[in-house]
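For reference, the structure discussed in these notes is given below.
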Amino acid sequence: MRMIAPVLLAAETSVNTTFAVLDVPSWAWAALAGAIVVMLVADLLIVHRKPHDVTMRAAIIESAVWISVGLAFGLVVAQAFGWAAAGEYYGGYLIEKSLSVDNVFVWAVIFGFFGVPNKYQFRVLFWGVFGALVLRAIFIFAGVALLEQFDWILYVFGAILLLTAYRMLKHKGQEAHPENNPVLKLVQRIIPSTTEYDGQKFFTRRSGALLATPLFSVLILIELTDVVFAVDSVPAILAVSREPFIIFASNAFAILGLRALYFALAGMAGRFRYLDTGLAAILAFVGVKMLLLEVYHLPIAASVGIIAAILTIAIVASVRADKRDRAAGIELPPITSSHAGILGTDPDGATSVGEHE
């Protein structure tokens, strides 16, 4: 790590900005991209080479490993660019990881609706995560470029975050219905499909014709959620950093552990009833922070502390409410998501996902 520091110590903090401005060499970008590709390939070809059921114990261990890797990279950033840059990295990582939890619950709704066997879910999530990384890169560079050209975009991003927070609260408790999603309906209308699975294949042949399996429809919805969550998370992270390298790295390492996090948390969705409220509060806080950035810049350490506190309060309150209801014999609420609108909802919200045949 000491060998890296002299090369990257050209990092500097601009006098005219409160964000770190880094001179990142091209080889550092190549090394980051290479490390991400290696981890993805190793995960697919070594850890999950063959279809198998992922146990919660294995998912928790794997998730802990991914989180450790993400946190460790923050130390690399600190060694290379200083602790101010590392603070921005950890701030972006925490924001992305927090918002990703709701993404996990949306995935649970999609897999439950289509009845995707546990052993086939990893392959879908692998390509979903790959798509998410590509989308994040596009959104990040586009967002930074817009901010450099148009200062007023800052207020647009802040307004988007406040609007998203409001919509999260508005959709709180609503059940998502993938069958109502217009994109899915369009895909199934255009692409010939079969209702039967063929292992973990996205396409199969029936009577000489190439047909899409239900897994392909699942992948389409997973990628759609990635687009929507990118619209949420990228503006939020731009409130804590403007350096593309830091933003992308924090996003990438948070996203890489999503598959393991899904298998660890999907079955506990109903137990985090206040998570939507907490995530909405985080987005609202970041939105206000962005709108007031020209007036007052809250130190990154304070921002990270506030975000962590909000998330902790939401989780602790949810766990306590769950224990109270269990003691009283009250059943857990159904899996819901503040992003239910991504998948589509019935006007009265009465139809259950479990009713799909």
Side-chain angles (χ1 to χ4, degrees), residues 1-46 65-97 99-100 126 129-149 226 229-230 233-260 297 299-301 303-304:
M1 194 175 295
R2 291 183 178 180
M3 294 177 64
I4 301 177
V7 181
L8 300 181
L9 280 179
E12 60 182 42
T13 301
S14 172
V15 176
N16 298 321
T17 182
T18 52
F19 298 107
V21 178
L22 310 180
D23 182 16
V24 182
S26 57
W27 69 260
W29 276 103
L32 175 61
I36 292 173
V37 170
V38 169
M39 287 186 287
L40 280 173
V41 173
D43 200 26
L44 179 65
L45 299 182
I46 299 177
V65 171
W66 281 116
I67 291 175
S68 298
V69 171
L71 295 178
F73 188 79
L75 299 179
V76 175
V77 173
Q79 178 70 13
F81 302 115
W83 282 105
E88 293 184 4
Y89 168 83
Y90 284 123
Y93 181 85
L94 181 59
I95 289 175
E96 179 62 32
K97 206 68 173 178
L99 297 178
S100 294
F126 172 85
V129 166
F130 178 80
L133 290 172
V134 174
L135 287 170
R136 287 301 196 280
I138 295 173
F139 275 66
I140 288 168
F141 283 104
V144 172
L146 284 173
L147 282 175
E148 290 179 351
Q149 294 294 323
D226 288 339
F229 279 94
S233 65
V234 172
I237 294 177
L238 287 173
V240 298
S241 180
R242 299 291 170 79
E243 172 53 50
F245 184 84
I246 291 178
I247 300 173
F248 179 72
S250 62
N251 268 251
F253 281 102
I255 291 172
L256 283 172
L258 276 189
R259 296 185 306 283
H297 179 77
I300 186 64
S303 297
V304 173

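Not measured: the values here are computed from a predicted model. All heavy atoms count here, side chains included; hydrogens, waters and symmetry mates do not. In this chain, residues are counted from 1 in sequence order.
To the nearest 0.5 angstrom, Ile247 atom CD1 is 4.5 Å from Leu238 atom CG. From Asp23, atom CG reaches atom CD of Glu243 across 9.0 Å, with rounding to the nearest 0.5 Å. Taking CD1 of Ile95 as the reference point, atom OG of Ser303 lies at 8.0 Å (rounded to 0.5 Å).
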Go through it in stages, so that I can follow the logic: the residues are Tyr93 and Ile67, the test is side chain to side chain contact (heavy atoms under 4.5 Å, CB included), and I'd like the CA-CA distance, side-chain angles, deciding distance and then a yes or no. CA-CA 10 Å; Tyr93 181 85; Ile67 291 175; 3.9 Å; yes

What verdict does the side chain to side chain contact (heavy atoms under 4.5 Å, CB included) test give for Val69 and Met39, after you've listed the backbone C-alpha separation in whole Å, the side-chain angles of each residue and the deciding distance to 0.1 Å? CA-CA 10 Å; Val69 171; Met39 287 186 287; 4.1 Å; yes

Stepwise side chain to side chain contact (heavy atoms under 4.5 Å, CB included) test for Leu40 and Leu133: CA-CA 11 Å; Leu40 280 173; Leu133 290 172; 3.8 Å; yes

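The shortest heavy-atom contact between Ala252 and Ile36 is CB-CD1, 3.6 Å. Minimum heavy-atom separation, Tyr89 to Gly70: OH-O, 2.6 Å. Scanning all heavy atoms of the two residues, the minimum distance from Leu32 to Phe253 falls at CD1-CE1, 3.8 Å. Nearest approach of Ala78 to Ala86, heavy atoms of both residues: CB-CB, 3.6 Å. Between Lys97 and Ala254 the shortest heavy-atom distance is NZ-O, 3.1 Å.
Evaluated for a side-chain contact (heavy atoms from CB on, under 4.5 Å) with Trp66, the options Ile255, Leu256, Leu258 yield exactly one hit, Leu256.
Classified by interplanar angle (parallel below 30°, tilted 30° to 60°, perpendicular above 60°), the ring pair Phe248/Trp29 is tilted. Between Phe245 and Phe73, the ring planes lie tilted relative to each other; the angle falls in the 30° to 60° range.
Every residue two or more places apart in sequence or in another chain was checked for a salt bridge (Lys or Arg N to Asp or Glu O under 4.0 Å) with Glu88, and none qualifies.
Tyr90 contributes a side-chain N or O that, together with a main-chain N or O of Leu71, makes up a donor-acceptor pair within less than 3.5 Å.
Using a 4.5 Å heavy-atom threshold, the side chains of Val240 and Ile246 count as separate. Put simply, the side chain of Trp83 reaches to within 4.5 Å of the side chain of Leu75, judged on heavy atoms.
Identified under the side chain to side chain donor-acceptor pair (under 3.5 Å) test for residues 246-255, with sequence neighbours left out: Arg136-Asn251.
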